[in-house]
Amino acid sequence: MSTPAVRITGLTKLYPVHLRRQKVVAVRDLNLDVPEGQVYGLLGPNGSGKSTTLKILLGLVTATHGKTEIFGEDSRDYHSHRDVGFLPENPYFYKFLTADETIRFYGKICGMSGKALTAKVSELLALVGLEDARHRRVGGFSKGMLQRIGLAQALVQDPRLLVLDEPTAGVDPLGSRQIRDLILEMKRRGKTVLLTSHLLEQVQEVCDRVGIMSRGVMLREGTLGELI
């Protein structure tokens with residue numbers, strides 16, 4: 001049996017409440033496997049534990065209990081993140097940089113340079129449909145354009161796993177369609193995608209499997225056909 005792209009075992013996260021002798025449960029005893037090459041959607045209302053789960057997987061938040069793995073490696077080890085691209089819900093970019101300069105900046109962080117970097121910038125801007133905006137400053141981008149430049153930066157190092165936190169939040173219908181098409185293209189290229197959303201209709205066209213969370217607990221998990 002092949003190693004899943006993501007494996008979460010017995011994950012629990014408790015946050016202490018200041019000035020009170022109690023704790024808030026963000027995630028409770030979560031178990032989850034995401035096979036390589038699939039698109040998996042974590043669905044649930046705000047505060048259901050979706051984003052906390054992603055942050056623990058990415059090493060941004062420490063778990064109270066449990067284990068998270070990326071391609072068989074403990075996700076607390078930074079080496080496990082070399083094959084991961086991440087798009088947060090509200091990505092921040094330097095507003096004075098152009099689209100070209102933004103991708104070039106992240107490429108340099110990943111150790112790229114010269115002709116290889118220039119080719120990668122052009123490739124990614126074409127992929128996300130921002131070729132015509134390559135010399136525009138990011139500060140003037142719409143929400144949908146920001147999400148697409150965010151996807152481009154997440155793909156700079158050609159990761160095997162893409163983690164997308166609410167990729168269509170606040171995006172108009174056309175922008176949502178463009179982002180969904182990009183996710184399907186990533187699947188076609190063999191990449192694994194783990195995304196969160198609170199709207200089933202926005203992900204039902206792209207997800208192979210879905211997990212529905214509420215108050216930190218996984219309520220149902222399966223294919224869309226099974227859940228419907």
Side-chain angles (χ1 to χ4, degrees), residues 5-6 34-46 48 50-51 53-54 84-93 95 98-100 102-103 106 120-213 220-228:
V6 173
V34 180
E36 188 167 1
Q38 287 196 3
V39 179
Y40 191 101
L42 272 180
L43 303 183
N46 294 333
S48 61
K50 309 184 304 296
S51 294
T53 299
L54 296 191
V84 181
F86 176 47
L87 174 62
E89 181 178 358
N90 295 300
Y92 177 82
F93 301 106
K95 297 179 180 180
T98 65
D100 184 294
T102 297
I103 303 305
Y106 285 102
K120 175 61 71 171
V121 170
S122 296
E123 174 193 343
L124 291 176
L125 289 176
L127 176 65
V128 300
L130 290 175
E131 285 180 297
D132 293 340
R134 68 183 303 154
H135 299 302
R136 285 178 55 186
R137 291 189 178 184
V138 173
F141 278 14
S142 67
K143 175 66 174 178
M145 294 172 73
L146 286 174
Q147 293 298 89
R148 283 188 282 150
I149 198 72
L151 275 171
Q153 67 81 24
L155 291 166
V156 164
Q157 58 183 351
D158 195 25
R160 296 163 63 192
L161 170 66
L162 272 174
V163 178
L164 313 176
D165 193 2
E166 299 278 3
T168 59
V171 179
D172 62 31
L174 176 59
S176 293
R177 166 58 63 184
Q178 292 171 326
I179 292 169
R180 290 199 296 271
D181 289 345
L182 285 169
I183 292 172
L184 288 172
E185 175 62 18
M186 292 304 101
K187 178 183 176 181
R188 189 188 69 78
R189 296 187 180 196
K191 298 188 184 299
T192 307
V193 181
L194 173 60
L195 62 89
T196 68
S197 179
H198 60 278
L199 298 172
L200 176 60
E201 63 269 21
Q202 288 193 350
V203 299
Q204 62 183 353
E205 298 177 5
V206 299
C207 290
D208 297 291
R209 296 184 69 82
V210 170
I212 300 176
M213 297 184 67
R220 295 287 188 275
E221 197 271 345
T223 65
L224 281 166
E226 293 169 345
L227 295 176
I228 291 173

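Residue numbers run from 1 in the order of the sequence given.
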Item to check | salt bridge (charged side-chain N to carboxylate O under 4.0 Å, His left out) between Glu123 and Lys120, intermediate numbers included | outcome: CA-CA 5 Å; Glu123 174 193 343; Lys120 175 61 71 171; 3.6 Å; yes

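- Scanning all heavy atoms of the two residues, the minimum distance from Phe141 to Ile149 falls at CE2-CB, 4.5 Å.
- Under a cut-off of 6.0 angstrom, the local environment of NZ in Lys143 is crowded, with over 12 non-hydrogen atoms contributed by other residues, nucleotides or ligands.
- Looking at heavy atoms from C-beta onward, Tyr40 lies in side-chain contact with Glu221 at the 4.5 angstrom threshold.
- For the pair Val6/Val163, no side-chain contact is recorded, criterion being any heavy-atom separation below 4.5 Å from C-beta on.
- The one candidate from Val34, Thr223, Val39 that meets the side chain to side chain contact (heavy atoms under 4.5 Å, CB included) condition with Arg209 is Thr223.
- How far CG of Leu195 is from SG of Cys207: 4.5 Å, rounded to the nearest 0.5 Å.
- Atom CZ in Arg136 sits 12.5 Å away from atom OG1 in Thr102 (nearest 0.5 Å).
- When side chains are defined from C-beta on, Met145 counts as touching Leu130, because their heavy atoms get closer than 4.5 Å.
- Of the possible donor and acceptor atoms, none in the side chain of Arg180 sits under 3.5 Å from a partner among the backbone N and O of Val206.
- Considering every non-hydrogen atom in both Pro159 and Ala154, the closest pair reads CG-O, 3.3 Å.
- Across all non-hydrogen atoms, the minimal contact from Ala99 to Ala133 is CB-O, 3.6 Å.
- Here the straight-line distance linking atom CG of Leu164 with atom CD of Glu89 works out to 12.0 Å at 0.5 Å rounding.
- One N or O on the side chain of Gln147 and one on the backbone of Pro167 form a donor-acceptor pair closer than 3.5 Å.
- The structure places CD1 of Ile212 at 8.0 Å from CZ of Arg220, a figure rounded to the nearest 0.5 Å.
- Under the 3.5 Å distance criterion, the side-chain polar atoms of Gln38 are left unmatched by any main-chain donor or acceptor of Leu194.
- Counting only heavy atoms from C-beta outward, the side chains of Met186 and Leu151 never approach each other to under 4.5 Å.
- Judged by distance alone, with hydrogens and angles left aside, the side-chain atoms of Gln153 form a donor-acceptor pair with the main-chain N or O of Gly150 at under 3.5 Å.
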Item to check | Criterion side-chain contact (heavy atoms from CB on, under 4.5 Å) on Leu184 and Glu205, from CA distance to verdict | outcome: CA-CA 9 Å; Leu184 288 172; Glu205 298 177 5; 5.7 Å; no

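- When all heavy atoms of Ile103 and Ala152 are compared, the closest pair comes out as CD1-CB, 3.6 Å.
- Taking all atoms of both residues into account, the shortest heavy-atom contact from Thr168 to Ser176 is CB-OG, 3.8 Å.
- Other residues, nucleotides and ligands contribute at most 12 non-hydrogen atoms within 6.0 Å of the CZ atom of Arg137.
- At distances below 3.5 Å, not a single donor-acceptor pair connects side-chain atoms of Lys50 with backbone N or O atoms of Met213.
- Taking every heavy atom of both residues into account, Leu127 and Arg189 meet most closely at CD1-NH2, 3.5 Å.
- The backbone N or O of Glu166 lies less than 3.5 Å from no partner atom in the side chain of Ser197, so there is not a single donor-acceptor pair.
- Using a 4.5 Å cut-off on side-chain heavy atoms (C-beta onward), Leu162 and Leu155 make contact.
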